[in-house]
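Numbering of ligands and ligand atoms starts at 1, following listing order.
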Amino acid sequence: MRQKTIKKDISCSGIGLHEGKKVNLTLKPAPENTGIVFWLKKGRERVSLDLNPYYVSDTLLATTLSKDNKQVATVEHLLGAIQGLEIDNLYIEVEGEELPIMDGSATSFVFLMRSVGLKKQNAPKKVLGITKPLKIENGNKKIEARPYKGLKIHYEIDFSHPLIGRQTYTYINSPERFVTEIAKARTFGFLKDVEMLQQAGKAKGGSLENALVLDEYGLINTDGLRFKDEFVRHKILDFLGDILLIGMPLWGEFKVSCSGHAFNNHFVRFLLENKDHYLTEITLSEEKHLTPKKKPVFEAEPEVVLNM
Ligand SMILES: [Zn+2]
């Protein structure tokens, strides 16, 4: 399996969720072994920011990255699309402090990248594989990880709301499955929270055009749901984006309950801090499908890590 980037530059603009201002986004092809790199532009200044869970500075409404007094918010849906489409190398140039929210899903980003097309590069793909089962938990929030040849996510949410309730979904990552099962699922919020946020001067760009909004009884959006379990599918999109912040595509089987951006980030930081114990770099060469440096232990019971 070889690394991938996009064939040529592609730009779009849209409204940011936080500030409600217009922001410009350009995606550019990057050479092999570059990884995913943000270029945050303001006038002539440009700060480059690679994927690193320690750049996460805020997780209130979305995942925000900060470096050298520059920030970029709401990165998770584009990063989810990059992980879903299995793109390895890309420059993401942003003029503005956040990525455009588009329709609240990853579908516009998928459309952009697929419309210019993807290009296979010469270098073999590299991923980080989980080597040993582990589990982190805090109250009802849980993430369990196990070795797996690929990326598999079993997600569970439980909201005491008549339209959501308990939803579970099992997703095995591939570009085809990402496009049909996950990319279209929109972000969601509750009317009481939206009102509170907007009174506090936040979520200024939030509207029924870019989020599913729920009151006590049901959905306020008149166009209905795209999937009856759109909520849990969107949580998988967020998880795909948040775990890419580890800096490389991640391979493993993940059982996730009631997590969110903050807990996802905590999990990724924990993995990185304990890299020698739980992770190995795997080069996916064409001849030998899997060449891990350390042999994964598939059968062991997860080590429960309570460090919250
Ligand atoms: Zn989201």
Side-chain angles (χ1 to χ4, degrees), residues 14-20 23 25 36 38 51 53 56-65 71-85 92 94 97-112 141 143 151 153 155-159 161 163-164 167 169 171 173 178-179 181-191 193-194 197-198 202-214 219-221 225-227 229-246 254 256-268:
I15 296 295
L17 175 65
H18 280 74
E19 292 296 322
V23 279
L25 168 72
I36 310 300
F38 282 93
L51 300 188
V56 173
S57 56
D58 189 6
T59 51
L60 177 64
L61 266 180
T63 296
T64 300
L65 308 176
Q71 68 154 35
V72 58
T74 325
V75 296
E76 64 273 17
H77 302 158
L78 175 59
L79 293 182
I82 291 167
Q83 177 110 267
L85 296 179
I92 305 169
V94 190
E97 301 230 302
E98 51 189 322
L99 292 189
I101 185 69
M102 310 311 275
D103 71 345
S105 78
T107 197
S108 305
F109 301 129
V110 167
F111 175 78
L112 278 177
K141 296 183 174 70
I143 302 178
L151 172 56
I153 300 163
Y155 211 111
E156 178 186 9
I157 55 171
D158 198 352
F159 283 86
H161 185 280
L163 196 64
I164 312 178
Q167 296 191 349
Y169 198 87
Y171 169 71
N173 196 46
F178 178 75
V179 171
E181 297 174 33
I182 304 297
K184 282 181 273 185
R186 288 162 293 175
T187 194
F188 60 96
F190 298 94
L191 186 62
D193 300 333
V194 176
L197 285 163
Q198 290 190 332
K202 291 177 175 144
K204 287 183 209 159
S207 77
L208 297 176
E209 302 293 309
N210 53 39
L212 294 167
V213 182
L214 299 145
L219 192 63
I220 296 178
N221 310 56
L225 296 173
R226 291 176 180 171
F227 307 98
D229 52 3
E230 188 168 353
F231 306 98
V232 70
R233 291 180 194 234
H234 185 80
K235 295 298 251 180
I236 292 176
L237 172 64
D238 285 343
F239 188 75
L240 284 168
D242 285 341
I243 61 173
L244 189 59
L245 285 169
I246 202 157
F254 301 91
V256 189
S257 291
C258 306
S259 190
H261 297 306
F263 197 64
N264 292 346
N265 186 242
H266 180 81
F267 171 65
V268 173

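Look at R233 and E181 and you find no salt bridge, because none of the NZ, NE, NH1 or NH2 atoms lies under 4.0 Å from a carboxylate O.
Among the backbone and side-chain atoms of E76, none of the N, O or S atoms lies under 2.8 Å from the Zn ion (ligand 1).
Put simply, the side chain of E19 never gets that close to the backbone of E97: no donor and acceptor are under 3.5 Å apart. Using modelled atom types, one side-chain atom of Q167 and one backbone atom of V232 make a donor-acceptor pair closer than 3.5 Å.
Nearest N/O/S atom of H234 with respect to the Zn ion (ligand 1) is recorded as NE2. Between the Zn ion (ligand 1) and the N, O or S atoms of D238, the shortest distance is to OD1.
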For a side chain to side chain donor-acceptor pair (under 3.5 Å) check, start with the C-alpha distance between N265 and H261, then their side-chain angles and the critical distance, and finish with the verdict.
CA-CA 6 Å; N265 186 242; H261 297 306; over 6 Å; no

